[in-house]
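Please read the structure below before turning to the comments.
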Amino acid sequence: MPSLYNRLTTKKRGDIHVLANFVNIYCRENHKEAAKQEFHIADEDLRTKLRGLILCSDCSRLLEHSIAKLSLCEYDPKPSCRRCKTHCYAPGYREKVRQVMRFSGTYLIKHGRLYLLLHYWK
Ligand SMILES: [Zn+2]
């Protein structure tokens, strides 16, 4: 049985990396006082790829949920969530992810790393 990561398309792998990056920035800048630990996910390959990601428990849960939803996304290629007809996120998570994207997107623009944002929203 190939790992979850190996079954993902290149596009979805890229989406997961960007998502992880965005959550990482959000948590680093907004949850400075929270207790944090390395992000843990069951899939071994994915865990290796995302090594070094340090998040608080709320952000870990959010990222885990988002990765699960992204992996199960029935569309290939996946449209940007904004344009998608299927709202697959659990209540509360969708708003939270939008908040993370908005914050980190603005952060990246301010820090001249716009290419990450363009990659995500294209
Ligand atoms: Zn956090």
Side-chain angles (χ1 to χ4, degrees):
M1 186 70 176
S3 74
L4 169 69
Y5 191 80
N6 281 318
R7 279 178 281 143
L8 295 173
T9 59
T10 309
K11 177 75 171 69
K12 281 189 180 174
R13 288 179 192 180
D15 285 346
I16 287 176
H17 278 286
V18 173
L19 190 66
N21 225 309
F22 273 44
V23 175
N24 190 31
I25 293 169
Y26 183 84
C27 191
R28 193 181 66 209
E29 300 299 316
N30 291 284
H31 304 146
K32 289 191 168 114
E33 308 300 323
K36 301 188 187 191
Q37 54 184 352
E38 188 158 13
F39 179 65
H40 192 275
I41 193 157
D43 186 80
E44 201 177 312
D45 284 339
L46 204 48
R47 200 161 62 231
T48 306
K49 297 288 175 190
L50 299 177
R51 184 176 289 154
L53 203 57
I54 309 293
L55 300 174
C56 75
S57 54
D58 282 356
C59 290
S60 285
R61 257 198 304 278
L62 181 71
L63 183 58
E64 208 180 334
H65 181 75
S66 306
I67 289 175
K69 291 298 177 185
L70 217 151
S71 309
L72 294 169
C73 176
E74 60 185 292
Y75 302 106
D76 191 18
K78 188 186 91 57
S80 75
C81 293
R82 197 163 60 147
R83 298 202 188 94
C84 191
K85 287 195 289 284
T86 309
H87 298 310
C88 67
Y89 277 68
Y93 282 99
R94 186 175 143 80
E95 276 313 305
K96 190 73 197 167
V97 165
R98 287 172 69 153
Q99 197 185 327
V100 167
M101 290 301 157
R102 206 173 306 129
F103 175 86
S104 299
T106 309
Y107 180 93
L108 290 174
I109 290 171
K110 281 190 199 148
H111 292 79
R113 298 182 63 207
L114 189 61
Y115 65 94
L116 260 176
L117 187 69
L118 290 175
H119 173 83
Y120 191 79
W121 289 113
K122 78 175 186 255

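All residue numbers refer to positions in the sequence shown, counting from 1. Counting starts at 1 for both ligands and their atoms, in listed order.
Here 4 is the count of protein N, O or S atoms positioned under 2.8 Å from the Zn ion (ligand 1), waters not counted.
Side-chain atoms of S3 and N6 form a donor-acceptor pair, as typed in the model, at a separation below 3.5 Å.
Here the CG atom belonging to L53 is positioned 6.0 Å from the CG atom belonging to L63, to the nearest 0.5 angstrom.
Annotation: side-chain hydrogen bond (donor to acceptor under 3.5 Å, both in side chains) contacts of R28 (sequence neighbours excluded): Y107. In terms of the side-chain hydrogen bond (donor to acceptor under 3.5 Å, both in side chains) criterion, residue partners of R61 (sequence neighbours excluded) are, by chain and number, D58. With sequence neighbours left out, H40 forms a ring pair (Phe, Tyr, Trp, His ring centres under 6.0 Å) with no residue at all.
Here the closest non-hydrogen pair linking C56 and H31 is SG-ND1, 3.5 Å.
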